[in-house]
Amino acid sequence: MGPSCRLLTSSATAARRCVRRCSPTTTSLQTCPLSKITLLREPFLSSFPTSARPSLTFELSKNSSLRAAGISAPYIPASWTPSTYLQVTFPPSAPTEKEHHVALGNELTPTQASPEPSFSFVPPPGSKPDQTYTVLCVDPDAPSKVDQKWGPVRHWVQGGVRVGGGKVVVERGAVMGYKGPGPPPKTGLHRYIFAIYRDTLPGGVKPLEEQKTFKDNELQSRLNWPFAEFVKENGLELLGMNFFEAQNSEQ
């Protein structure tokens, strides 16, 4: 494996085995057949900051970080494996704070995750230069993980995303602007899932007035969002995910 490759693993022995035995020619993701460790190769790995890399465990097996956190259908199709990593970064919520990265299940406070985040990703190999993408964010745990009768709650629908010159460009306004976490008191940790999709329909995700699963972005309309129906009607193909957890300070 060349010097441009990195390995995310807590096992030094497994890492050495992977370095000796896994193919050095992978261009994005590859699961080591010996230890099910995922190899991340530049420039794929460079799509998220060095400070966030040590906390990531991005396996492509059934025991991936996403599935281990209970994130499955309707958010992840049964046979799906990620083809990119979605980096999500919240700007400082106060002058004395730093930015906060979403890293596959790390915990943030609702305040830290309240501003609209930035995001970036590396398009999968073979993507067209003019390809457009859509970013979604939902909370399935409303009002709690053990009682999801109000979930999923819609938190963000941003279409018109392109990648040019190595940078993400958002070419139009959001179908729904970002709404930060608002977990109720004494409901424990909520998962906030970000997903990046390839648009497969001409024009990408439909504008608000053409949506069938919601007609406005008021709270009542955001609850019990028919997520799978929205994805299908808008022709969205899942490429990558990320998530964080947050809870009310009153527990």
Side-chain angles (χ1 to χ4, degrees), residues 62 64-84 86 88 102 104-105 113 116-117 119 121 123-124 127 131-162 170-184 187 190-246:
K62 293 180 180 179
S64 69
S65 298
L66 296 168
R67 297 189 189 280
I71 300 173
S72 56
Y75 312 105
I76 300 178
S79 60
W80 178 77
T81 55
S83 56
T84 191
L86 178 62
V88 181
V102 176
L104 293 174
E116 181 176 312
F119 57 90
F121 62 99
S127 298
Q131 177 66 54
T132 60
Y133 305 87
T134 295
V135 172
L136 304 181
C137 178
V138 296
D139 169 14
D141 305 323
S144 69
K145 284 183 180 179
V146 296
D147 180 11
Q148 299 178 338
K149 61 185 177 184
W150 298 338
V153 179
R154 189 172 67 256
H155 279 262
W156 202 11
V157 180
Q158 178 64 68
V161 177
R162 293 185 189 271
V170 178
E171 297 184 332
R172 66 173 190 248
V175 179
M176 175 188 160
Y178 176 74
K179 302 285 187 183
T187 58
H190 289 230
R191 295 164 295 176
Y192 294 87
I193 304 169
F194 292 88
I196 181 75
Y197 295 84
R198 177 190 287 120
D199 295 329
T200 66
L201 298 180
V205 68
K206 300 174 183 178
L208 177 61
E209 57 269 21
E210 296 180 19
Q211 293 296 337
K212 295 181 179 180
T213 63
F214 61 101
K215 295 302 181 184
D216 60 59
N217 289 314
E218 299 301 319
L219 177 59
Q220 195 62 39
S221 171
R222 293 168 50 214
L223 303 177
N224 298 124
W225 187 31
F227 182 86
E229 182 181 345
F230 173 86
V231 168
K232 182 178 180 180
E233 288 183 352
N234 285 269
L236 303 181
E237 179 186 345
L238 182 62
L239 299 178
M241 277 189 167
N242 206 340
F243 74 104
F244 71 94
E245 294 190 316

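The shown structure was predicted, so the numbers you read here are calculated from the model rather than taken from an experiment. Side-chain atoms are counted along with the backbone in the values below, which use heavy atoms only and exclude waters and symmetry mates.
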Nearest heavy-atom pair of [X] and [Y]: which atoms, and what distance?
X: Leu238; Y: Gly240; result: CD1-O, 3.7 Å
X: Tyr178; Y: Pro181; result: OH-CD, 3.7 Å
X: Val205; Y: Gly159; result: CG1-CA, 3.5 Å
X: Pro117; Y: Val88; result: CB-CG1, 3.7 Å
X: Pro143; Y: Thr187; result: O-CB, 3.1 Å
X: Ala113; Y: Phe244; result: CB-CZ, 3.5 Å

Could you walk me through whether Thr132 and Val161 satisfy the side chain to side chain contact (heavy atoms under 4.5 Å, CB included) test, starting with their C-alpha distance in whole Å, then the side-chain angles of each, then the deciding distance to 0.1 Å, before giving a yes or no?
CA-CA 5 Å; Thr132 60; Val161 177; over 6 Å; no

Quick one: does any side-chain atom of [X] pair with a main-chain N or O of [Y] as donor and acceptor, under 3.5 Å?
X: Glu237; Y: Asp199; value: no
X: His190; Y: Pro184; value: no
X: Arg154; Y: Ser221; value: yes
X: Ser83; Y: Pro124; value: no
X: Arg191; Y: Gly70; value: yes

Got [X] and [Y] here, is their nearest side-chain heavy-atom distance under 4.5 Å?
X: Pro152; Y: Tyr75; result: yes
X: Thr213; Y: Trp225; result: yes
X: Phe230; Y: Gln211; result: yes
X: Phe119; Y: Val170; result: yes
X: Glu233; Y: Glu210; result: no
X: Leu66; Y: Leu104; result: yes

Kindly compute the distance separating [atom1] ([X]) from [atom2] ([Y]), expressed to the nearest 0.5 Å.
X: Glu209; Y: Asp216; atom1: CD; atom2: CG; value: 13.0 Å
X: Asn242; Y: Phe194; atom1: CG; atom2: CZ; value: 8.0 Å
X: Arg67; Y: Ser72; atom1: CZ; atom2: OG; value: 7.0 Å
X: Lys206; Y: Asn234; atom1: NZ; atom2: CG; value: 5.5 Å
X: Ile71; Y: Ile193; atom1: CD1; atom2: CD1; value: 4.0 Å
X: Gln158; Y: Thr134; atom1: CD; atom2: OG1; value: 8.5 Å

- request: Could you please spell out the steps behind the side chain to side chain contact (heavy atoms under 4.5 Å, CB included) verdict for Phe227 and Val138?
  value: CA-CA 9 Å; Phe227 182 86; Val138 296; 3.8 Å; yes

Problem set entry | Criterion side chain to side chain contact (heavy atoms under 4.5 Å, CB included) on Leu136 and Val231, from CA distance to verdict | CA-CA 10 Å; Leu136 304 181; Val231 168; 4.3 Å; yes

Margin query: With a sphere of 6.0 Å drawn around CD of Gln220, does it hold more than 12 non-hydrogen atoms of other residues, nucleotides or ligands?
Written below: no

Q: Show the numbers, then the answer: is there a side-chain hydrogen bond (donor to acceptor under 3.5 Å, both in side chains) between Gln148 and Asp141?
A: CA-CA 5 Å; Gln148 299 178 338; Asp141 305 323; 2.9 Å; yes

task = State whether Tyr133 and Arg162 meet the cation-pi test: NZ (Lys) or CZ (Arg) under 6.0 Å from the six-membered ring centroid, and within 45° of the perpendicular axis.
result = no

Checklist entry - Can Glu116 and Lys179 be counted as an ion pair, charged N to O under 4.0 angstrom? => result no

Could you walk me through whether Met241 and Ile76 pass the side chain to side chain contact (heavy atoms under 4.5 Å, CB included) test, one step at a time? CA-CA 9 Å; Met241 277 189 167; Ile76 300 178; 3.7 Å; yes

Please tell me whether Tyr192 and Trp156 form a close aromatic pair, meaning their ring centres lie under 6.0 Å apart.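 Judged by ring-centre distance (under 6.0 Å), Tyr192 and Trp156 do not meet the cut-off.
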
